[in-house]
Amino acid sequence: MTSSHWILIAVLAMAAFAIRVIGLFAGDAIRASRFAWILDDLPGLIVVSLVASSLAGQPLITWVAAGAALIAALLTNHVIATMFIGFAAYAALGWFGV
Amino acid sequence: MKHGAFAILPLAAGAAVYGFAFGLLAAQVGFPWWGVALMSGLVHAGSSQIVAVEQFATGGAVLGAALAGAALNLRYIGIIASLSEVLRGLPLRVRLMAIHITGDENWALTMAKRAHDPGVGFRFLIGSGLVMITVWTVSTSMGAVIGAALPDLEKFGLGFAFTAAFIAMARGLWRSHAQLLPWITSFAVTGAVVLLEAPKAYAIVAGALAGLIASYLIRQRGAGRG
């Protein structure tokens with residue numbers, strides 16, 4: 001592993017544990033504050049931004065496969081099923097030269 | 001403790017499949033199996049790990065990748081706060097260990113069981129948590145071992161598996177129509193910033209902030225009407 005791999009693991013581990021510790025000692029106070037809605041909203045917004053950054057500027061095949069993955073997600077609400085169907089759609093579209 | 005350890009097994013089986021898939025993807029972008037094991041044992045947060053690894057693999061800055069992953073863990077502030085009764089009176093070291101091994105699955109199971117039986121407490125949480133972190137670490141490592149032995153799957157569009165995973169996570173985080181406008185705002189702003197050829201990490205931050213502003217404005221409008 002490179003130093004970048006080590007730093008990623010270390011920073012992610014420290015951040016994950018720090019968030020849990022904040023929850024242990026200040027969670028009740030934060031949840032009662034006027035900023036509690038940010039905790040609820042931010043994870044979804046980050047994930048949607050990740051989807052958008054993956055799709056922006058990509059060819060049609062990626063958007064169509066994303067549509068298939070979205071339908072799979074809506075129908076199954078299951079991560080592995082969605083990944084499998086999305087990846088299969090992407091590979092199939094590529095195979096047929098879309 | 002045994003009660004929690006056995007009760008969590010069906011959920012652990014589901015997490016193992018997800019963990020295996022994550023390990024496979026991580027190996028394909030250059031993480032050795034033991035690095036994946038180390039990350040899973042120390043971080044113990046699936047969605048956070050997959051986001052960080054994807055950002056890292058697509059050339060994002062290390063700190064940006066870690067923070068993007070960490071942001072997904074903010075829900076744990078509420079999750080851990082809800083355990084205050086379960087953990088009350090325990091030594092600090094036990095509480096710190098308990099919060100590290102607490103994940104979505106064993107927290108939800110503990111709270112659900114406790115709703116019916118107030119006797120369910122920290123022993124159940126710790127028993128189920130130890131099983132979950134063990135299964136998560138082993139399954140991600142096994143996925144990485146297999147992933148390292150496979151040919152380069154990127155030419156078949158492996159990168160899209162991450163996109164599909166994010167779509168599935170978004171579905172899991174969907175709660176109500178009140179999220180629609182903030183999510184559309186985030187999506188549009190992120191896409192626009194990427195098309196302006198800014199680094200993806202900045203685009204994600206800009207999109208998330210724009211979504212938060214939209215959400216705040218909607219809440220203010222709702223409060224004004226109320």
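Scope of the values below: all heavy atoms of this structure, side chains included, with no hydrogens, waters or symmetry mates. First the proteins, then the strands, lettered A, B, ... as listed; each starts at 1.
- Most heavy-atom pairs under 4.5 Å with chain A, from the set B:Leu212, B:Leu87, B:Asn73: that is B:Leu212.
- Heavy-atom pairs under 4.5 Å with chain B peak, among A:Leu42, A:Ile22, A:Thr2, A:Thr76, at A:Leu42.
- Neither the backbone nor the side chain of B:Thr185 has a heavy atom closer than 4.5 Å to any heavy atom of chain A.
- Ranking A:Val11, A:Ile85, A:Leu74 against chain B, the residue ahead of the rest is A:Leu74, based on heavy-atom pairs under 4.5 Å.
- In this structure, chain B has a heavy atom under 4.5 Å from the side chain of A:Ile80, while its backbone stays farther away.
- What you find for A:Leu12 and B:Ala52 is that their closest heavy atoms are CD2-CB, 3.7 Å.
- When heavy atoms are compared at a cutoff of 4.5 Å, A:Phe84 does not approach chain B at all.
- Per-residue counts of heavy-atom pairs under 4.5 Å with chain B were compared for A:Ala81, A:Gly44, A:Ala16, A:Ala69; the largest is that of A:Gly44.
- Remark: B:Phe31 pairs with A:His5, B:Phe56 by the ring pair (Phe, Tyr, Trp, His ring centres under 6.0 Å) rule, at least two apart or across chains.
- When the candidates B:Val194, B:Val17, B:Ile99, B:Leu173 are compared by the number of heavy-atom contacts under 4.5 Å with chain A, B:Ile99 comes out ahead.
- Of the residues considered (B:Ala203, B:Gly69, B:Ala165), B:Ala165 shows the highest number of contacts with chain A, using heavy-atom pairs under 4.5 Å.
- Ranked by heavy-atom pairs under 4.5 Å with chain A, the list B:Thr102, B:Leu209, B:Val43 is led by B:Val43.
- Among A:Ala65, A:Ala18, A:Ala26, A:Ala10, the residue making the largest number of heavy-atom pairs under 4.5 Å with chain B is A:Ala65.
- Side-chain atoms of A:Met83 and B:Leu25, non-hydrogen and from C-beta on, do get closer than 4.5 Å to each other.
- At a 4.5 Å heavy-atom cutoff, the contact between B:Ile80 and chain A is made by backbone and side-chain atoms alike.
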List the atom pairs, donor and acceptor, that lie under 3.5 Å between side-chain atoms in residues 45-62 of chain A and the rest of the protein, sequence neighbours left out.
from: A:Ser49; atom 1: OG; to: A:Leu45; atom 2: O; distance (Å): 2.9
from: A:Ser49; atom 1: OG; to: B:Thr190; atom 2: OG1; distance (Å): 3.2
from: A:Ser49; atom 1: OG; to: B:Ala208; atom 2: N; distance (Å): 3.4
from: A:Ser53; atom 1: OG; to: A:Ser49; atom 2: O; distance (Å): 3.4
from: A:Ser53; atom 1: OG; to: A:Leu50; atom 2: O; distance (Å): 2.9
from: A:Ser54; atom 1: OG; to: A:Leu50; atom 2: O; distance (Å): 2.8

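- The CE atom of B:Met39 sits 8.0 Å away from the CE atom of A:Met1 when rounded to the nearest 0.5 Å.
- Looking at B:Trp34, only its side chain comes within 4.5 Å of chain A, counting heavy atoms on both sides.
- The two residues B:Val62 and A:Leu8 come nearest to each other via the heavy atoms CG1-N, 3.6 Å.
- More than 12 heavy-atom neighbours from other residues, nucleotides or ligands sit within 6.0 angstrom of CE on B:Met111.
- Remark: side-chain polar atoms of B:Arg171 are not paired, donor with acceptor, to backbone N or O of A:Thr82 under 3.5 angstrom.
- Expressed to the nearest 0.5 Å, how far CG of B:Leu92 lies from CZ of A:Phe25 amounts to 5.0 Å.
- Proximity to chain A is absent for every atom of B:Ile79, based on heavy atoms less than 4.5 angstrom apart.
- Proximity to chain A (any heavy atom under 4.5 Å) is shown, for B:Ser48, by both the backbone and the side chain.
- Proximity to chain A (any heavy atom under 4.5 Å) is restricted, for B:Ala21, to the side chain, taken from C-beta onward.
- When all heavy atoms of A:Gly86 and B:Phe160 are compared, the pair lying nearest together is O-CE2, 3.3 Å.
- Put simply, the side chain of B:Tyr216 does not reach to within 4.5 Å of the side chain of A:Ile38, judged on heavy atoms.
- Only the side chain of B:Arg219 comes within contact range of chain A, with heavy atoms under 4.5 Å apart.
- Contact record, B:His44 with A:Arg20: O-NH2, 2.9 Å, taken as the closest heavy-atom pair.
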